[in-house]
Amino acid sequence: MTGADYLLPLRTKLRSMRTESFGADPAGARMERIRRSPQFVDGAFQNPVGARIRPSGSSVEFAKTYFQKEQRVLRTPNGAVPVHPTTLADLAAPPVSGLRLTWMGHSSVLAEIDGRRILFDPVWGERCSPFPFAGPKRLHPTPLSLAALGPVDVVVISHDHYDHLDLPTIRALAGTDTVFAVPLGVGAHLERWGVPAARMHELDWNETATVAGISLTATPARHFCGRGLRNQQHTLWASWVVAGPEHRIYHSGDTGYFPGFRDIGAEHGPFDATMIQIGAYSEYWPDIHMTPAEGMRAHLDLQGGRPHGVLLPIHWGTFNLAPHAWAEPGEWTKDAGEEADQPVAFPRPGEPFEPAGILPVEPWWRALSPVLARPWRLSGEQTGSGRGPAPAARGDLDLAGER
């Protein structure tokens, strides 16, 4: 360090210490475009309705819950997750119906729609963290390598948290010919990691890009962004509508429940399938992630208020990101689907299925979990919030990280 280094502002010094995994901050023309966005108010991107993005309640009570031995045991499977080893044979023949989905774990989904291949939130890394030695580790292997996946027409990113935007995965995909569709500001990360600007569509909410006859529309979500301790909220988060000549699908990204699902459904639906976040929820952060009951409610809103299409639960099973039991999102979603008479697909990671065909419905997680108490059965209607009373707000818990 030279004498001149001591004169640098602290913010500049901290930025220089960040590893490549942290990405890059928007600047220049990209930042000017961000400032013109209707979503960018008072120096930060805003949610469609108010949301607390920091955990609420007592840090002591949270710690008691999180570190209690009996609860910790429930947060991981008690055996190997039954991953379907996706092979070239599984994906070689086009889907008979024109639409096939393959859940790769967490929020990563390969969608084959009307002759095109769309890959949502691909995370092939071992940890969702900026560091290779710390952070939530995968609970099951990836069903196949990225190289074995074959060509992808578009990679869609919902937001820049580590469990949705993964440096090693993007680096690998940057070396292919695929196009990227990302929310406004996220392109700064991708450019730093080797994705040419010419291969990116960076969209604000309600903007659409068309790639190879498929339209991709960024739609609102209720969440937040950031890959560092100092989150300036300068990159947008989004859900996505993808429509081809014959089919249309929806990926929620991460989101709390909000009335805007009805508006998205009215403008873009109904959908042949929705991929809805139903895991990593907690009463300590009720505004930024949905419970399975809220996820079912969101799906029904998107479908005009009635059962329609197929719901594929995402954002569960792969990483331990919340205090709830590992198997609870699957079990609760199954109950919510039966209550609402809504078809729900429960594939093993890597198991392809066609929403118009025979759905995978076996509760495979039960072999890896003790019988759960099913507290949601005691907390009101399945399609309501399904939460108990929120913890009393006694200051913010700085534990949300980049969930």
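Hydrogens, waters and symmetry mates are skipped; everything else that's a heavy atom, side chains included, is used. Quick caveat, the model's predicted, so the values are computed rather than measured.
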Is it true that a side-chain atom of Ser129 and a backbone atom of Ala134 form a donor plus acceptor pair closer than 3.5 Å?
-> yes
Which value, rounded to the nearest 0.5 Å, describes the distance between Met296 atom CE and Thr291 atom OG1?
-> 10.5 Å
Return yes if a side-chain donor-acceptor contact under 3.5 Å exists between Asp254 and Trp237, otherwise no.
-> no
Steps toward ring-ring contact (aromatic ring centres under 6.0 Å, His included) verdict (His161, Phe224) = CA-CA 9 Å; His161 285 164; Phe224 68 115; 4.5 Å; yes
Has the side chain of Arg192 got a donor or acceptor atom that lies under 3.5 Å from a matching backbone atom of Gly23?
-> yes
Glu20/Arg171 salt bridge by N-O under 4.0 Å criterion | yes
Should the pair Arg35-Glu32 be classified as a salt bridge under the 4.0 Å nitrogen-to-oxygen rule?
-> yes
When you measure from the side chain of Ser158 to the backbone N and O of Ala238, does any donor-acceptor pair fall under 3.5 Å?
-> no
Spell out, as yes or no, whether a donor-acceptor pair under 3.5 Å connects the side chain of Thr178 to the backbone of Val152.
-> yes
Within the side chain of His289, is there an N or O that forms a donor-acceptor pair under 3.5 Å with the backbone of Ala280?
-> yes
Will you find, in the side chains of Glu354 and Ser97, an N or O donor that is under 3.5 Å from an N or O acceptor?
-> yes
Do Arg227 side-chain atoms and His189 backbone N/O form a donor-acceptor pair below 3.5 Å?
-> no
May I ask you to check whether His299 and Phe261 place their ring centres under 6.0 Å from each other?
-> no
Do other residues, nucleotides or ligands put more than 12 heavy atoms under 6.0 Å from Glu338 CD?
-> yes
Between Arg100 and Phe353, is NZ or CZ placed under 6.0 angstrom from the six-membered ring centre and within 45° of the ring axis?
-> no
So, Asp272 versus His247: side-chain donor-acceptor pair below 3.5 Å or not?
-> no
His315 and Asp121 side chains, donor-acceptor separation under 3.5 Å = no
Among side-chain atoms of Ser239 and Thr219, is any donor-acceptor pair under 3.5 angstrom?
-> yes
Identify the heavy atoms of Ser108 and Pro122 that sit nearest to each other, and give their distance.
-> OG-CA, 3.5 Å
Taking every heavy atom of Pro329 against every heavy atom of Tyr281, the minimum-distance pair comes out as N-OH, 3.8 Å
On a heavy-atom basis, the closest approach of Gly337 and Val344 is CA-CG2, 4.0 Å
Is a side-chain donor or acceptor of Trp316 paired with a backbone partner of Phe319 at a separation under 3.5 angstrom?
-> no
Does anything in residues 197-226 pair up under salt bridge (charged side-chain N to carboxylate O under 4.0 Å, His left out), and if so which pairs, sequence neighbours excluded?
-> Arg30-Glu202, Arg33-Glu207, Arg222-Asp287
Are Lys137 and Glu126 ion-paired here, with the side-chain N under 4.0 Å from a carboxylate O?
-> no
Where at least one partner belongs to residues 29-55, residue pairs that pass ring pair (Phe, Tyr, Trp, His ring centres under 6.0 Å), sequence neighbours excluded | Phe40-Phe45, Phe40-His234
Look at the aromatic rings of His159 and His223 and report parallel, tilted or perpendicular, splitting at 30° and 60°.
-> perpendicular
What's the shortest heavy-atom distance between Ser21 and Trp193, and which atoms?
-> O-CZ2, 3.6 Å
Phe346: what forms a ring-ring contact (aromatic ring centres under 6.0 Å, His included) with it, not counting sequence neighbours?
-> Trp365
How about Phe180 and His201: are their ring centres within less than 6.0 Å of each other?
-> no
